[in-house]
Amino acid sequence: MRLSQILISTLREDPADAEIPSHKLLARAGLVVKIAAGVYTFAPLMWRVVKKFAQIVREELDREGANEVMLPIIHPKELWVSSGRWDRYVTDGIMFTLKDRKGSEMCLGPTHEEVMTAYVNAQVNSYKQLPVNCYQIQDKFRDEIRPRFGLMRGREFIMMDAYSFDADPKGLDVAYQKMHSAYCRIFDRCGLQYTVVQADSGAIGGAGSEEFMVIADSGEDAILHCKESGYAANVEKATSRLPDAPPGGDVRPLSKHSTPDVRTVAQLEAFFPGWVAGRMAKTLLYKATWKDKDEVVAVMMRGDLEINEVKLVNALDCLAVRLCTDEEIQATTGAETGFAGPVGLREQVRLLADESLRGRTNLLTGCNQSGYHCLDVNLGRDCRMPSFHDLRLARAGEGCPISGKPLQLARGIEVGHIFKLGIKYSKAMGATFMDQGGKPVPFVMGCYGIGVSRTPAAAVEQSFDEKGIVWPVAIAPFECVVAMLDPKRPEQQALAEKLYAELQAAGVDVCLDDRALSPGAKFKDNELLGFPVQVFVGRKAAEGGVEFLVRKGMVKSECAAGEVKAKVLAALGR
RNA sequence: CGGGCCGUAGCGCAGUCUGGUAGCGCGAAUGGUUUGGGACCAUUAGGUCGCCGGUUCGAAUCCGGCCGGCCCGACCA
């Protein structure tokens with residue numbers, strides 16, 4: 001390919017609306033162009049990147065026996081009603097919906113469990129046809145609350161989504177493991193530095209769930225990990241060894257104390273010398289939302305620890321939680337914010353507590369009376385016994401659950417997610433096959449996603465310098481560029497053409513920069529665009545000399561034209 | 001949806017406080033000179049200052065409403 005024939009428009013300045021490096025660089029290189037918030041055009045060179053990545057995904061999935069299909073973008077409402085997700089997605093506003101000329105409601109697919117399940121259900125009738133794994137690479141549409149960071153969180157984006165169908169959970173385990181290895185090969189081939197972390201399976205449900213995270217400062221997810229044991233988990237899911245707290249000692253009688261204007265754990269520590277946070281139990285009130293109701297619940301946590309709201313949602317099996325407002329707290333407890341507690345809490349209010357409080361004696365808590373706290377509270381004696389759950393937010397520095405070594409915090413970009421769905425969708429949608437006994441049984445499903453437009457952005461986030469993008473070889477728009485610095489000089493043109501042809505013949509994905517730009521502009525442009533290997537044919541062309549640049553690390557050298565092929569192949573690792 | 005900020009030429013911005021002929025840099029076009037780090041000179045094109053309404057002799061500028069965008073938060077198969 002000749003760059004003179006490709007639409008390339010680089011910018012000298014960063015676009016005003018870009019924040020993180022990958023967004024700035026992709027926009028400045030003219031690789032992506034925004035058309036609306038979270039909606040982008042992919043320029044020719046960027047489309048080559050996406051296609052290369054998609055091809056890697058295909059090759060590795062096909063190797064595991066998955067089938068590529070193409071599903072519709074437009075889905076009928078009925079399909080989503082059948083899985084029970086229409087109302088939720090519409091209420092959350094995440095789904096783009098539309099009506100056809102007859103007034104029938106449709107949506108633009110935000111994900112494809114329904115369509116794929118319906119498809120496979122129609123085709124597969126017998127256990128003899130299982131297992132099946134189908135995937136597609138296609139645009140997805142989500143009306144994100146806040147699109148941001150360019151391709152990282154768009155409203156239209158490209159995703160690979162795969163769905164496995166098995167006869168039983170054992171089959172699912174096999175399918176899941178195959179996808180796990182395929183994913184590792186995919187991200188390895190792209191040269192990405194990534195971590196596989198345990199993840200919350202969230203609203204989609206199911207047993208196991210792991211996320212593939214590209215480590216980057218701009219990542220939207222927080223990860224806790226331990227080098228020693230290899231433990232790694234999304235903070236939403238992570239656990240740690242419970243930090244020590246002083247024992248409460250033998251059970252003592254309850255006492256109530258005036259604590260005017262003392263509302264927080266820190267203030268209580270100052271007010272009651274000797275009562276450290278670890279001996280307190282704070283009580284937070286949450287408004288929890290279920291499909292059919294809202295309810296205020298009280299959640300107790302040891303004073304020195306924090307609540308993980310994702311775990312709380314899971315414990316309550318609700319759709320969402322949020323902290324109560326001051327008014328709601330007043331209405332529920334009869335006291336101002338800062339004095340809620342288990343003692344004297346109305347019977348109707350459900351009471352949960354973190355495992356860290358199990359068996360603890362002589363706690364300091366609120367008692368639902370403004371200006372008062374209680375000392376030596378004992379759960380079950382002075383108040384109801386709460387139901388205990390793991391509700392604690394694991395924090396960096398706390399002990400790894402496996403090795404006990406301090407957990408490290410990192411930020412990650414989620415580029416892949418694999419789930420064991422089980423029979424959640426197949427059961428809801430009545431998607432079944434005949435088992436050996438001739439009885440209809442729901443498919444045991446897994447679902448697997450890779451952010452196909454997000455991953456290249458994540459690659460840039462992990463690989464750039466002050467000059468621009470440094471593409472990994474596997475997904476670079478071209479592996480190599482041969483640039484003639486002055487196309488008007490016949491000897492430069494001839495030599496560049498010769499090298500270009502030679503590299504093409506050697507199987508290198510090479511382009512020829514024959515654009516009518518000044519040498520300086522050409523250097524800058526190619527550095528910004530980030531081709532891994534760059535060959536410049538300039539003033540030494542007459543003597544058969546060229547310059548050679550390995551973009552990663554900006555390693556420059558000169559060599560004779562005859563050595564170019566060998567040097568390029570070596571730089572590309574062949 | 002809450003908090004903060006921004007919409008002026010293709011891009012980046014000044015001008016808005018204090019109302020009075022719409023500017024700068026980059027980019028684009030034409031001609032010429034150039035060709036090793038985003039070249040130089042000359043000429044040119046390009047804007048109903050986001051939209052609607054109000055105040056005023058007069059509005060990019062003041063007031064009100066709406067739309068769009070960015071950041072923080074909540075949210076996120």
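Reminder, nothing fancy here: chain letters follow the sequence lines and each chain counts from 1.
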Side-chain contact check for A:K467: nearest option of B:C75, B:G37, B:G38 is B:G37
So, A:E211 and A:N234: side-chain donor and acceptor under 3.5 Å apart, yes or no? yes
Between residues 27-36 of chain A and RNA chain B, which residues have a heavy-atom gap below 4.0 Å? A:R28, A:K34
Can a side chain N or O of A:S518 be found less than 4.0 Å away from OP1 or OP2 on B:G38? no
How many whole angstroms separate atom CD of A:E558 from atom P of B:G36? 14 Å
Can you say whether the rings of A:Y176 and A:Y448 are parallel (under 30°), tilted (30 to 60°) or perpendicular (over 60°)? tilted
Which is true for A:R148 with a 4.0 Å heavy-atom rule: it touches a base, it touches only sugar-phosphate, or it touches nothing? base
Rounded distance in Å between the P positions of B:G69 and B:C11: 15 Å
B:G4 and B:C51: how far apart are their P atoms, nearest whole angstrom? 25 Å
So which nucleotide from B:C72, B:G37, B:G12 ends up closest to the side chain of A:K556? B:G37
Of the listed B:U34, B:G69, B:G38, the closest approach to the A:A37 side chain comes from B:G69
Watson-Crick or G-U wobble partner of B:G25, both distances under 3.5 Å: B:C11
Going by ring pair (Phe, Tyr, Trp, His ring centres under 6.0 Å), name the residues that satisfy it together with A:Y194, two or more places apart in sequence or in a different chain. A:F187
Scan every strand shown for a Watson-Crick or G-U wobble partner of B:G19, both distances under 3.5 Å, and answer none if you come up empty. none
Report the distance from atom CD of A:E309 to atom P of B:G73, rounded to the nearest whole Å. 14 Å
How far, in whole Å, is B:G36 from B:G25 if one measures between their C1' atoms? 25 Å
Between A:K140 and A:M554, which has a closest nucleotide on RNA chain B that is more 5'? A:M554
The side chain of A:E144 is closest to which nucleotide in this list: B:G36, B:C76, B:C72? B:C76
Could you check whether A:E527 gets within reach of a base, just the sugar-phosphate, or nothing at all, counting any heavy atom under 4.0 Å? base
So, are A:K420 and A:D173 salt-bridged, with charged N and O less than 4.0 Å apart? yes
Could you check which nucleotide pairs with B:C40 in any of the strands shown, counting Watson-Crick or G-U wobble with both distances under 3.5 Å? B:G32
If you find the nucleotide of RNA chain B closest to A:P15 and the one closest to A:R539, which residue's nucleotide is nearer the 5' end? A:P15
Mind checking who B:A45 pairs with, Watson-Crick or G-U wobble, both distances under 3.5 Å? none
With heavy atoms under 4.0 Å as the rule, sort A:K287 into base, sugar-phosphate or nothing. nothing
For RNA chain B, determine which residues of residues 4-12 of chain A have any heavy atom closer than 4.0 angstrom to one of its atoms, and list them numerically. A:T10, A:L11, A:R12
Nucleotide B:G2, atom P - distance to CD1 of A:I145 in whole Å: 13 Å
Can I get a per-line list of side-chain donor-acceptor pairs under 3.5 Å for residues 10-20 of chain A, giving both atom names and the distance, sequence neighbours left out?
unit_1 : atom_1 : unit_2 : atom_2 : d
A:T10  : OG1    : A:D525 : OD1    : 2.6
A:D14  : OD1    : A:R28  : NE     : 3.3
A:D17  : OD2    : A:K34  : NZ     : 2.6

Whole angstroms only, please: what is the CZ-C1' distance between A:R153 and B:C76? 5 Å
Starting at atom CD of A:E236, determine the distance to atom P of B:C76, rounded to an integer number of angstrom. 8 Å
Is the closest side-chain donor-acceptor distance between A:K237 and A:S209 under 3.5 Å? no
A:Y286-A:E309 side chain donor-acceptor pair, cut-off 3.5 Å: yes
What interatomic distance, in whole Å, is found between P of B:C17 and the corresponding atom of B:C63? 9 Å
Would you mind reading off the distance between A:R88 atom CZ and B:C75 atom P, rounded to a whole angstrom? 12 Å
For B:G47 and B:A22, measure between their P atoms and round to the nearest Å. 14 Å
Please give, in whole Å, the distance from B:C13 C1' to A:E13 CD? 8 Å
Is the phosphate of B:A74, meaning OP1 or OP2, less than 4.0 Å from a side-chain N or O of A:R146? no
Once you apply a heavy-atom cut-off of 4.0 Å, does A:R322 come out as touching a base, just sugar-phosphate, or nothing? nothing
What nucleic acid atoms does A:D525 come within less than 4.0 Å of, heavy atoms only: base, sugar-phosphate, or nothing? base
Any salt bridge linking A:R2 with A:E497? Criterion: basic side-chain nitrogen under 4.0 Å from a carboxylate oxygen. yes
Re B:A74: Watson-Crick or G-U wobble partner, both distances kept under 3.5 Å, found to be none
Side-chain (A:R515) to main-chain (A:S4) donor-acceptor, under 3.5 angstrom: no
Nucleotide B:G69, atom P - distance to CG of A:D17 in whole Å: 11 Å
State whether a side-chain donor-acceptor pair under 3.5 Å links A:E236 with A:N308. no
With sequence neighbours excluded, what pairs up with A:Y163 under the ring pair (Phe, Tyr, Trp, His ring centres under 6.0 Å) test? none
According to salt bridge (Lys or Arg N to Asp or Glu O under 4.0 Å), who are the partners of A:K311, at least two apart in sequence or on a separate chain? A:D390
Nearest to the side chain of A:A16, heavy atoms from C-beta on, is which of B:C71, B:G12, B:G37? B:G12
